[in-house]
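Values in this document were obtained by computation on a predicted structure and should not be read as measured data. Sequence positions, counted from 1, serve as the residue numbers for this chain.
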Amino acid sequence: MNSSEGCTTSIPGRLALFLSFARPRTCLPGMLAFYLSCKLLELPIDLDVLIGFAITFLYSAVANLFNAYSDIAEDNENIPARLYLLGLYGRRRLLRSAYAVCGVMLASAAVVSGGFVLMTAICIVIAHQYSLPPFRVKARPVLSISLFALDVAFPFLMAPTVAEHGTAVLGNWQFISMAVYLFVWFAAKGLVKNLPDYDGDRNAGLTTSATISGTRQRAAVVASVATATVYLGPLLLVATGQFAEKYLLALVWFPVVCIQCARMILRDDSRSANNMLRFDMVVSTGYLSTWILLVDPSVSSISVVAGSLMIIFLMDALKLDTRKKEDIG
C-alpha cells in the first residue's frame, strides 16, 4: 500500500478516483465563505474573484487528498473501502496529485497578486500540516479543531487581498465579527465531523475532540450543544448592531439543526452517524447560502448557490466520494 502506484490505468477511472478522494461535496463551505466576504466588501465578480473561487475550493480538496494519503490506520478502522480505492489509484500517485493541485493553486494565485499568493501558500501549509508530519495537527484535539475551523474562516479573510483597499477591513467591525463567527461556527462543525469515527479513531489510537470525551454519547452531547449554540449566532450579530434584522431569517435552519443534534445523541451506530454527517454538509452549505442571499439576492449569488447545491447532488448521484452510505458498515 505504501509504495503502490495503483492498478487503474484508464484516464476516466483515475479521474473518478481522484474526484472521490478530493470529495468536491465537502469543498463548498470555504468557497462560499470567500464569496460571502466578497459580497460584504461589495467586490465586483471579476477574474480575480473567480480565481479566488477556484483556489478556496481547491484548498479543501487538497486537504482531503493529504488526509486520504495519511490516514491509513484510521481508515482501516473507519472506512476500509477507502483503502481499496487507494490501492486502485495508488498512494504515491495520490500524493503527487495533491502536490500538483498545490502547484495549480500557487500558479493561479500569482495572476491575482503577491498578497494572494502568500495567503494561498498559507492555505497549502494548513492543509498539509493538518494531516502530515512534522506537526500532524489532527492528532492534537484542540489545535486540530482550530485548524479545521480555518477551512472556512481563512477563505473569508482572503477576500480583502483581492480588494483594491483591502486593509480597510481592519476598521470594518461587521467584517471582523463575521470572520470570528465563521471560525466559531466551523469549529462546532469540527466537533460533529469527528463523531462518526469515534470508535475507529479510538481503536487506531488517534486522539480527537470526540475520543477525549470518554464515551461516544458524551461526545455527541458536546457536539450537539456546540452546534445548536452556533446556529443561534445571528441573534448575537443582530443584537450587537453588526447586521440588520433581516439576517435573523438565517435562523430558519435552527429547527433542522436541532433534528441533526437529536440524531447525533439518539443514534449511536456508525452508519447513522455517517448519514448524519453527510446531510450536515447540505445543512452547512444551505446555511452559508442563506447568508449570501440575504447579503446579495442577485442573479450571480443565486447562480453560485444553485451551482453549489448541484455539486453536492451530482457527486452523490455519481457516487464520487470516499464516504458513501454503502462504505460504512
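Counting heavy atoms from C-beta outward, Thr322 and Ile79 have side chains that stay 4.5 Å or more apart. Counting heavy atoms from C-beta outward, Arg25 and Met281 have side chains that approach closer than 4.5 Å. Contact of the Phe148 side chain with the Val137 side chain is not registered, since no non-hydrogen atoms from C-beta on lie closer than 4.5 Å. Counting heavy atoms from C-beta outward, Ser308 and Leu32 have side chains that approach closer than 4.5 Å. In this structure, Ser144 and Thr208 have side chains that are not in contact, with every pair of non-hydrogen atoms separated by 4.5 Å or more. Contact of the Leu236 side chain with the Leu232 side chain is not registered, since no non-hydrogen atoms from C-beta on lie closer than 4.5 Å. Side-chain atoms of Phe66 and Leu95, non-hydrogen and from C-beta on, do get closer than 4.5 Å to each other. Taking the side chain as every heavy atom from C-beta outward, Tyr231 and Cys258 never approach each other to under 4.5 Å.
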Asn194/Ser209 under side-chain hydrogen bond (donor to acceptor under 3.5 Å, both in side chains): CA gap, chis, key distance, verdict: CA-CA 7 Å; Asn194 287 334; Ser209 62; 2.8 Å; yes

Ile176 vs Val169, side chain to side chain contact (heavy atoms under 4.5 Å, CB included): CA-CA, chis, key distance, verdict: CA-CA 7 Å; Ile176 294 171; Val169 300; 5.9 Å; no

Stepwise salt bridge (Lys or Arg N to Asp or Glu O under 4.0 Å) check, Arg136 with Asp71: CA-CA 11 Å; Arg136 188 165 161 75; Asp71 285 12; 3.3 Å; yes

Chi angles and distances behind the side chain to side chain contact (heavy atoms under 4.5 Å, CB included) call for Asp316, Asp321: CA-CA 7 Å; Asp316 287 349; Asp321 190 56; 5.5 Å; no

Derivation and outcome, side chain to side chain contact (heavy atoms under 4.5 Å, CB included), residues Met264 and Thr227: CA-CA 11 Å; Met264 281 187 253; Thr227 299; 4.1 Å; yes

From CA spacing to verdict: side-chain hydrogen bond (donor to acceptor under 3.5 Å, both in side chains), Ser300, Tyr35: CA-CA 11 Å; Ser300 62; Tyr35 185 81; 3.3 Å; yes

Check against side chain to side chain contact (heavy atoms under 4.5 Å, CB included), Met276 and Val192: CA-CA 9 Å; Met276 176 278 301; Val192 175; 3.8 Å; yes

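Of the possible donor and acceptor atoms, one in the side chain of Arg278 sits under 3.5 Å from a partner among the backbone N and O of Arg323. No donor-acceptor pair under 3.5 Å is formed between the side chain of Ser301 and the backbone N or O of Pro297. The backbone N or O of Glu74 sits less than 3.5 Å from a side-chain atom of Asn78, completing a donor-acceptor pair. The closest donor-acceptor contact from the side chain of Asp197 to the backbone of Gly200 lies at 3.5 Å or more, if one exists at all. Panel note: side chain Lys246, backbone Leu294; a donor-acceptor pair is recorded below 3.5 Å. Side chain of Glu77 to backbone of Asp199: no donor-acceptor contact under 3.5 angstrom is found. Not one N or O on the side chain of Tyr287 forms a donor-acceptor pair closer than 3.5 Å with the backbone of Ala250.
A continuous path of Ile, Leu, Val, Met, Phe, Trp and Tyr side chains, each step under 4.5 Å between heavy atoms, connects Leu249 with Trp291, placing both in one hydrophobic cluster. Using a 4.5 Å cut-off between side-chain heavy atoms of Ile, Leu, Val, Met, Phe, Trp and Tyr, with links allowed through other members, Val125 and Leu150 fall into different hydrophobic clusters. Hydrophobic clustering (side-chain heavy atoms under 4.5 Å, transitive across Ile, Leu, Val, Met, Phe, Trp, Tyr) keeps Leu195 apart from Trp185. Cluster annotation: Ile212 is not connected to Leu206 through the hydrophobic network of ILVMFWY side chains, with a link wherever side-chain heavy atoms come within less than 4.5 Å. In the hydrophobic cluster analysis, where Ile, Leu, Val, Met, Phe, Trp and Tyr join through side-chain heavy atoms closer than 4.5 angstrom, Phe279 is grouped apart from Ile259.
Under 3.5 Å, the side chains of Tyr89 and Ser20 contain no donor-acceptor pair of N or O atoms. For the 3.5 Å distance criterion, the side chains of Ser70 and Tyr130 fail to qualify, holding no donor opposite an acceptor. No side-chain donor-acceptor contact under 3.5 Å links Tyr198 and Thr215. For the residue pair Asp201 and Thr211, no side-chain donor N or O sits within less than 3.5 Å of a side-chain acceptor on the partner. Between the side chains of Thr26 and Asn64, at least one donor N or O lies within less than 3.5 Å of an accepting N or O. Side-chain contact of Gln217 with Asp268: a donor-acceptor pair under 3.5 Å is absent, judged by distance alone.
Within 6.0 Å of atom CZ in Arg140, more than 12 heavy atoms from other residues, nucleotides or ligands are found, so the atom counts as buried in its surroundings. The 12-atom threshold is not exceeded at CZ of Phe135, counting heavy atoms of other residues, nucleotides or ligands nearer than 6.0 Å. Applying the 6.0 Å contact sphere to CD1 of Ile11 captures no more than 12 heavy atoms from other residues, nucleotides or ligands.
Pro24 approaches Leu19 most closely through the heavy-atom pair CD-O, 3.1 Å. Closest of all the heavy-atom pairs between Ala33 and Val152 is CB-O, 3.5 Å. The two residues Pro155 and Thr56 come nearest to each other via the heavy atoms CB-CG2, 3.5 Å. For Cys261 against Ala228, the heavy-atom pair with the smallest separation is SG-N, 4.1 Å. Pairing each heavy atom of Ile145 with each of Leu191, the nearest pair is CD1-N, 3.9 Å. Considering every non-hydrogen atom in both Gln174 and Phe243, the closest pair reads CG-CZ, 3.4 Å.
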Using distance only, find each side-chain donor-acceptor pair of residues 111-120 under 3.5 Å and give its atom names and separation, not counting sequence neighbours.
unit_1 : atom_1 : unit_2 : atom_2 : d
Ser113 : OG     : Phe116 : N      : 3.1
Thr120 : OG1    : Phe116 : O      : 2.8

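Considering Ile124, Ile126, Ile122 as possible partners of Tyr59, the one that fulfils the side chain to side chain contact (heavy atoms under 4.5 Å, CB included) test is Ile126.
In summary, the aromatic rings of Phe156 and Phe175 are positioned with their centroids under 6.0 Å apart. The six-membered or imidazole ring of Phe34 lies away from that of Phe154, with a centre-to-centre distance of 6.0 Å or more.
In this structure, Leu28 CG and Leu288 CG are separated by 9.5 Å, a value rounded to the nearest 0.5 Å. Between the CG atom of Leu132 and the NE2 atom of His128 there is a distance of 4.5 Å, given to the nearest 0.5 Å. A distance of 5.0 Å separates CG of Leu320 from CE of Met315, quoted to the nearest 0.5 Å. The OG1 atom of Thr285 sits 8.5 Å away from the CE atom of Met31 when rounded to the nearest 0.5 Å. With values rounded to the nearest 0.5 angstrom, Cys123 atom SG is found 5.5 Å from Met105 atom CE. Interatomic distance, OG of Ser298 versus NZ of Lys39, reported as 4.5 Å (0.5 Å rounding).
We find that Asp75 and Arg82 are joined by a salt bridge, their nearest charged nitrogen and carboxylate oxygen being less than 4.0 Å apart. Look at Asp151 and Lys193 and you find no salt bridge, because none of the NZ, NE, NH1 or NH2 atoms lies under 4.0 Å from a carboxylate O.
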